[in-house]
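Since the structure comes first, as structure tokens, the remarks are kept for the end.
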Protein chains: 2
Amino acid sequence: MKKYLQIYRDLLSDIQSKKYQEGDLLPSDTKLVMQYTVSRETVRRAIKLLFDEGYIQTIRGKGSIVLNSDRVTFPFSRIESYKELVANNHLYSENDILQMTDHVDVPANLLFGAPALKAQRIVRRRVVNQVPTIIDYDYINEEVAANIPKQAALNSLFYYFEHDLGLKINYAIKHITVESADYDDLKYLDIDKHVPILVVRSETRLSDNRILSYTESRHRADKFSSVEFARRHE
Amino acid sequence: MKKYLQIYRDLLSDIQSKKYQEGDLLPSDTKLVMQYTVSRETVRRAIKLLFDEGYIQTIRGKGSIVLNSDRVTFPFSRIESYKELVANNHLYSENDILQMTDHVDVPANLLFGAPALKAQRIVRRRVVNQVPTIIDYDYINEEVAANIPKQAALNSLFYYFEHDLGLKINYAIKHITVESADYDDLKYLDIDKHVPILVVRSETRLSDNRILSYTESRHRADKFSSVEFARRHE
DNA sequence: GAGTGGTCTAGACCACGTT
DNA sequence: ACGTGGTCTAGACCACTCG
């Protein structure tokens with residue numbers, strides 16, 4: 001077990017359980033060094049992680065202040081599976097599989113500079129609190145994963161990729177726009193044609209930089225909300 | 001000058017100038033240690049920064065691969081001033097000041113757990129490539145900055161805060177939704193009432209955790225596009 | 001086996017805030 | 001003056017990729 005991750009998780013869990021509340025100071029570097037009997041750089045790695053993810057604010061000469069981190073909902077700047085999203089936000093949700101097709105072409109112009117690929121196409125609808133809210137079109141690179149079982153698509157593709165196939169998902173490039181509803185949006189989301197659609201098109205890559213999938217996620221914009229933590233650089 | 005930042009900037013500039021192209025390997029840690037005559041941890045700080053911001057992918061046993069980073073446009077996960085946005089995207093843009101008012105109340109329910117504050121209200125319109133595209137409502141905390149000159153609002157509030165006032169901007173919490181156009185949207189953006197508005201409401205904080213401002217940024221959604229780099233955690 | 005990145009140590013000096 | 005976080009050093013061992 002990586003030591004800095006253990007310290008990070010311990011502190012994070014204390015923040016999330018409100019043991020440390022907004023405005024509180026975390027234990028100082030020195031205290032954590034003694035408590036965990038590790039070197040200071042190791043402690044600082046854990047602190048840096050909490051800082052990067054917006055859980056704390058570090059102030060020199062003072063300490064590490066806990067910030068308000070009660071912000072979830074649909075994230076742009078991290079990869080989260082729909083299943084995780086539902087769990088984190090305590091939603092009630094159901095999935096339909098609308099289609100599963102093999103050997104579909106994904107043309108290069110949909111991807112961010114990557115060559116075209118053969119994929120398995122999976123179309124799913126997410127029903128949140130009884131309301132049809134999202135249609136996901138997933139194109140899974142057949143060179144990475146083929147013949148995906150229906151049950152994996154019903155449960156969570158990411159869970160299947162990570163736990164069953166042992167794939168390491170690394171990053172995605174997401175393109176966000178707002179568009180008009182198309183025929184299938186009207187049909188499957190049961191909306192009026194004036195309801196806008198927030199569209200997230202993303203290309204997901206593995207740790208070895210292979211393309212795992214291209215996904216188009218179409219959200220009823222009137223049901224959409226996102227909270228992001230943004231830092232100022234340099 | 002911080003050594004790791006110098007190394008970071010040198011490498012970043014080589015990436016952006018295409019000296020290192022997509023798929024190329026950066027010099028190894030060992031080479032950078034020799035080149036800059038610094039310790040390895042210092043090199044690794046620079047590499048970690050490039051990794052965190054999505055410029056490279058590190059692969060153990062192999063090296064640091066340069067990724068495609070031709071993605072700009074409106075960012076959610078970083079704080080960027082409108083002026084910087086325009087420069088990075090090579091847009092042609094003009095600003096109108098629609099209103100400047102002193103001593104406006106910002107009620108606590110607009111903020112993320114912070115108490116209400118007195119602010120200077122600045123309303124501006126951004127005209128991008130001749131098209132009125134964004135209306136920004138800024139509420140600047142009067143305890144931090146008061147009597148902001150008109151010229152600062154015309155040029156860049158962030159530039160004024162950072163360079164003229166010496167303030168250190170740290171982070172923001174942004175709330176993103178899609179809404180219908182209101183009366184002022186129709187009037188100042190000159191749009192049809194069916195054009196949706198992408199709304200970003202954000203609370204910006206300084207390094208000492210004081211609130212700098214609350215901002216509501218209303219974008220013509222049909223002109224909006226954003227590209228985000230997202231990582232998978234744990 | 002040689003080279004790569006990932007983690008860790010035990011020190012050190014500095015800038016800053018509080019007392 | 002003292003405690004805090006920020007940076008840096010000169011080592012070390014490990015897991016991994018590649019020829």
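Protein chains get the first letters and strands the later ones, always in sequence-line order, with residue 1 at the start of each.
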It should be established whether [X] places a side-chain nitrogen or oxygen under 4.0 Å from OP1 or OP2 of nucleotide [N].
X       : N      : value
A/Lys3  : C/dC8  : no
B/Ser39 : D/dC8  : no
B/Thr30 : C/dT4  : yes
B/Tyr4  : D/dC8  : no
A/Thr58 : D/dG6  : yes
A/Thr42 : C/dT9  : yes
B/Lys62 : D/dC18 : yes

Q. So what does A/Ile47 hit on the nucleic acid, given a heavy-atom distance under 4.0 Å: a base, only sugar-phosphate, or nothing?
A. nothing
Rounded to whole angstroms, how far apart are [atom1] on [X] and [atom2] on [N]?
X        : N      : atom1 : atom2 : answer
A/Phe51  : D/dG6  : CZ    : P     : 8 Å
A/Ile65  : C/dC16 : CD1   : C1'   : 14 Å
A/Arg60  : C/dT18 : CZ    : P     : 14 Å
B/Asp29  : D/dA10 : CG    : C1'   : 15 Å
A/Asn209 : D/dT17 : CG    : P     : 14 Å
B/Gln6   : D/dT7  : CD    : P     : 15 Å
B/Lys48  : D/dT7  : NZ    : P     : 13 Å
A/Leu25  : C/dG17 : CG    : C1'   : 12 Å

Q. What nucleotide among C/dA10, C/dC8, C/dG5 has an atom nearest to a side-chain atom of A/Glu41?
A. C/dA10
(Q) Quick check on DNA chain C: between A/Ile59 and B/Arg44, whose nearest nucleotide comes earlier from the 5' end? (A) B/Arg44
Q. Is B/Asp105 paired with B/Lys118 through a side-chain N to carboxylate O contact shorter than 4.0 Å?
A. yes
Q) Is A/Arg231 positioned over the aromatic face of A/Phe51, cation under 6.0 angstrom from the ring centre and no more than 45 degrees off axis? A) yes
Q) Is there side-chain contact between A/Lys83 and A/Val86, with at least one heavy-atom pair below 4.5 Å? A) no
Q: Report yes if a donor N or O on one partner sits less than 3.5 Å from an acceptor N or O on the other, where the partners are the side chain of A/Arg40 and the base of D/dG6; otherwise report no.
A: yes
Q) Is there a donor-acceptor contact under 3.5 Å from the side chain of B/Glu228 to the main chain of B/Phe76? A) yes
**Q.** For B/Tyr159, ring-ring contact (aromatic ring centres under 6.0 Å, His included) partners two or more places apart
**A.** B/His163
